[in-house]
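All remarks here apply to the structure that follows.
Note that the coordinates shown come from a computational prediction; the quantities given were computed from them, not determined experimentally. Position 1 is the first residue of the sequence; numbering continues from there.
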Amino acid sequence: MNQIEPGVQYNYVYEDDEYMIQEEEWDRDLLLDPAWEKQQRKTFTAWCNSHLRKAGTQIENIEEDFRNGLKLMLLLEVISGERLPKPDRGKMRFHKIANVNKALDYIASKGVKLVSIGAEEIVDGNVKMTLGMIWTIILRFAIQDISVEETSAKEGLLLWCQRKTAPYRNVNIQNFHTSWKDGLGLCALIHRHRPDLIDYSKLNKDDPIGNINLAMEIAEKHLDIPKMLDAEDIVNTPKPDERAIMTYVSCFYHAFAGAEQAETAANRICKVLAVNQENERLASELLEWIRRTIPWLENRTPEKAMHAMQQKLEDFRDYRRKHKPPKVQEKCQLEINFNTLQTKLRISNRPAFMPSEGKMVSDIAGAWQRLEQAEKGYEEWLLNEIRRLERVEHLAEKFKQKASTHETWAYGKEQILLQKDYESATLTEVRAMLRKHEAFESDLAAHQDRVEQIAAIAQELNELDYHDAVNVNDRCQKICDQWDRLGTLTQKRREALERTEKLLETIDQLHLEFAKRAAPFNNWMEGAMEDLQDMFIVHSIEEIQSLITAHEQFKATLPEADGERQSIMAIQNEVEKVIQSYSIRISSSNPYSTVTVDELRAKWDKVKQLVPIRDQSLQEELARQHANERLRRQFAAQANAIGPWIQNKMEEIARSSIQITGALEDQMNQLKQYEHNIINYKNNIDKLEGDHQLIQEALVFDNKHTNYTMEHIRVGWEVLLTTIARTINEVETQILTRDAKGITQEQMNEFRASFNHFDRRKNGLMDHEDFRACLISMGYDLGEAEFARIMTLVDPNGQGTVTFQSFIDFMTRETADTDTAEQVIASFRILASDKPYILAEELRRELPPDQAQYCIKRMPAYSGPGSVPGALDYTAFSSALYGESDL
């Protein structure tokens, strides 16, 4: 805004800036905090007096001295420099209201929307409304016009504070309340612009009151900024009043505004030059990288060894993963910058931007296309070479593997086939040898395929001209010759074993019969012992009863098993009798069975011992399951009562939340009664928890007598507590909204009726289509763009639903946005002290060395009126740069 110089009367006429709609509406509820109200009274009173003293007056009580409207109109004339309509001089109430209305009308004429502030409330001395009105005036005339790098008002002021205090230790400005409590922020602002007034290095962060008082005393004495706050109020308040802090800090901004213009102009020019220099640098580096890379990709020299080709492939993959992606991003960014630049130039009716020769977008695109073509051909060549080498090395390795496997298998087989061990063997041993020989024959037949594969691989390696083909052929021939010898020896050994087998067949039949019957019986006994000793886990009476029944059935089979045992023993006795009768010199041990008579006898004794032990353990488990069943029934009886009770309470709360008759206070009382009943019901939940603890200690995991688990009850109880708390909070919020927005009970009921009508799922939420139908029914003429804008207000998080609170807020919300801009030529004019030209010394003083040299090198000489030696034409230079930057 335009500042009033000290000593100038309030009736000066100032140029009116375009008003930006205030960033936020005044929230009266914030003033309910007594500490904030006290801070605002003092701050706003001091701010008003800082302007009223220019007219030779001041106020003492902010809500009393503005009641007749005279000093309010005077304040507006001083801060605006404009004349307001002549005030009414009468002392009647209607005279006061008329004067206040004139002041409010003038505020409204500046584009300020006054929310819930009326002349009658100011005349009646309503402190909340008076403070809100003064804040609106401060926001419009002291804060709104603050602009820092495309941000304005509060955000602009905060950005200005952050940048000015950034170099200072222990200063971190993030807001307009707690960030200023230690006083270092205010001291840093003063030291940044007037280091002669304060020694920042001697400040102590642990002395906030001393820091704040020091800053305020210096500001009042040297900067003509009145003391608007008490240090004790700022320090002792957990969250100081944001508006009071903003008002006081804005005075520092305006006090130092003149010094900011040159810095802002220099920053803007730096930004323009940085964009141009960065684009040229990126283009040069990208073209140079492409020039170096293409010859590497066009190299097609093959390698003989596989590892060398794999290293080339790894280098190429490393290029694709690490080196190329950043260059792709650089290329895209260059194209985006160029296209954006050309678009802005066309919009500004400026000539098209032409990069340096050889650095056009088309040049970069052509070079990139050559790179892609070389890359594609290189990749295809690499893959073909690797596939060829892989095939040869794979076949060679496969030959070695199969040959080694076959040679390992064949080792010692000829010596085994030449043995005559069957001449001194028994029939059992001969038969075992014969079975073993049959297995060998099967194994020999199975290896036929491997021998054929070895020969085929050797043939293919010869066709591929493998470098070690001679050794492969020698090895393959040895394998084939050995294979022929094994076939002949196998046939001869089989004939010898078959002749020997027939000599000992009689004795062998008895051994075989024993083995056939002993093995199953042994397995049966082992299975019986496992079952009798098996740990069992049951969860019901039916399951343990089923195990008891199975055990009784098993005991019924024991007599039959004992008969089988005696028959097997008789076979072994017959074998021993035959050996003794015919004096045969062979062992009586059975070659077909590892089971001995002693083992069968010991296992049978073990089974008879385990049967009564199993009886006892099953009866003990049956008793435990009866006890568990009692616990299940006890838990189910309570759970079946608590579960429906929770569901009924949920339904009652849901019905209460969608009622549209009666006052919200009545609904709140009903919900409080629900909450009381729910809390009193907690004893039943605790008792159920105790029963559940007993069930868990008994390791009971299921309960067929109820569908409710303790987890279901806990979740239902938590949901019930959450639902009643959330519903009470929603009604409290509706009451606050109704009172804060001035909504009548009838209007609130109408809103609830409309919301409930279109809440098809009756869950307290409307989806987007329901919300659109609701708006159309209320007379809104909705296009897609307008509806999308509204949805950003009522569903800012994009959840797809609209709550009742968002619906109410939408019905009373008003927002708008605006914007401002600066010109580069005006920035150079500031640096040149309003001269039509600028000197090289001035550029070096205000700009960084590299960017100052950039301007001096490219800026044409000035030949207009008042030219001096070395004068440079910044107007022509700025016109060319305007389209090359994002300004």
Side-chain angles (χ1 to χ4, degrees), residues 510-576 588-637 639 690-711:
L510 291 173
H511 283 158
L512 184 60
E513 180 67 17
F514 178 90
K516 288 181 179 180
R517 298 179 66 175
F521 185 72
N522 182 64
N523 291 338
W524 177 85
M525 287 192 297
E526 289 179 348
M529 287 189 294
E530 290 178 2
D531 292 341
L532 291 171
Q533 299 178 88
D534 185 28
M535 296 294 295
F536 53 86
I537 299 176
V538 295
H539 302 94
S540 66
I541 296 175
E542 292 77 7
E543 291 179 2
I544 187 62
Q545 193 64 52
S546 175
L547 290 178
I548 293 173
T549 301
H551 184 64
E552 293 298 327
Q553 293 173 352
F554 168 76
K555 290 194 293 184
T557 64
L558 289 178
E560 181 180 356
D562 187 49
E564 177 66 12
R565 179 186 64 82
Q566 294 177 3
S567 298
I568 293 172
M569 294 296 184
I571 294 174
Q572 181 62 25
N573 292 336
E574 183 67 20
V575 170
E576 294 176 356
S588 62
S589 61
N590 196 323
Y592 303 117
S593 176
T594 59
V595 181
T596 65
V597 173
D598 293 336
E599 290 177 359
L600 292 177
R601 187 178 295 107
K603 290 179 180 179
W604 177 255
D605 294 339
K606 182 66 174 178
V607 169
K608 291 192 295 183
Q609 293 173 4
L610 291 175
V611 169
I613 297 175
R614 183 72 168 184
D615 285 334
Q616 181 180 356
S617 62
L618 289 173
Q619 291 301 321
E620 292 174 351
E621 181 61 25
L622 178 62
R624 192 176 72 87
Q625 287 302 321
H626 279 294
N628 290 347
E629 182 65 14
R630 288 192 296 271
L631 290 176
R632 288 191 185 95
R633 294 180 181 276
Q634 181 177 339
F635 177 85
D691 292 342
H692 178 67
Q693 179 67 26
L694 295 177
I695 287 179
Q696 286 186 323
E697 292 173 356
L699 300 179
V700 176
F701 301 107
D702 60 344
N703 195 337
K704 66 181 179 180
H705 303 295
T706 180
N707 292 326
Y708 295 101
T709 65
M710 194 62 228
E711 184 63 25

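For E560, the CD atom counts as loosely surrounded, since its 6.0 Å shell holds 12 or fewer non-hydrogen atoms of other residues, nucleotides or ligands.
Between L532 and H551 there is a side-chain heavy-atom pair separated by less than 4.5 Å. With a 4.5 Å cut-off on side-chain heavy atoms, Q609 and K606 count as touching. Side-chain contact check for R624 versus N628: some heavy-atom pair is nearer than 4.5 Å. Side chains of M569 and L600 form a contact here, defined as non-hydrogen atoms less than 4.5 Å apart. V611 places a side-chain heavy atom less than 4.5 Å from the side chain of F554. Counting heavy atoms from C-beta on, the side chains of R632 and D702 come closer than 4.5 Å.
For the atom pair CE (M525) and CG (D605), the distance works out to 9.5 Å, reported to the nearest 0.5 Å. To the nearest 0.5 Å, the span separating OH on Y592 from CD on E513 amounts to 12.5 Å. Residue W524 holds its CH2 atom at 10.0 Å from CG of D531, rounded to the nearest 0.5 Å. Q545 CD to L618 CG: the interatomic distance, rounded to the nearest 0.5 Å, is 10.0 Å. The structure places CD of Q619 at 9.5 Å from CD of Q616, a figure rounded to the nearest 0.5 Å. Between the NZ atom of K603 and the CG atom of D598 there is a distance of 12.0 Å, given to the nearest 0.5 Å.
Closest approach of F635 and T709 over heavy atoms only: CZ-C, 4.4 Å. P520 approaches A515 most closely through the heavy-atom pair CD-O, 4.2 Å. Contact record, Y708 with A639: CD1-O, 3.6 Å, taken as the closest heavy-atom pair. Between I568 and F521 the shortest heavy-atom distance is CD1-CB, 3.6 Å.
Although no hydrogens or angles enter the test, the distance criterion places a donor-acceptor pair under 3.5 Å between the side chain of R614 and the main chain of D534. D562 places no side-chain N or O within 3.5 Å of a backbone atom of L558 that could act as its donor or acceptor partner.
Residue Q533 is tested with E530, M529, M535 for a side-chain contact (heavy atoms from CB on, under 4.5 Å); the sole match is M529.
Using modelled atom types, one finds a donor on one side chain and an acceptor on the other under 3.5 Å when comparing N522 with E526.
The pair K555-D615 meets the salt-bridge criterion, since a charged nitrogen lies less than 4.0 angstrom from a carboxylate oxygen.
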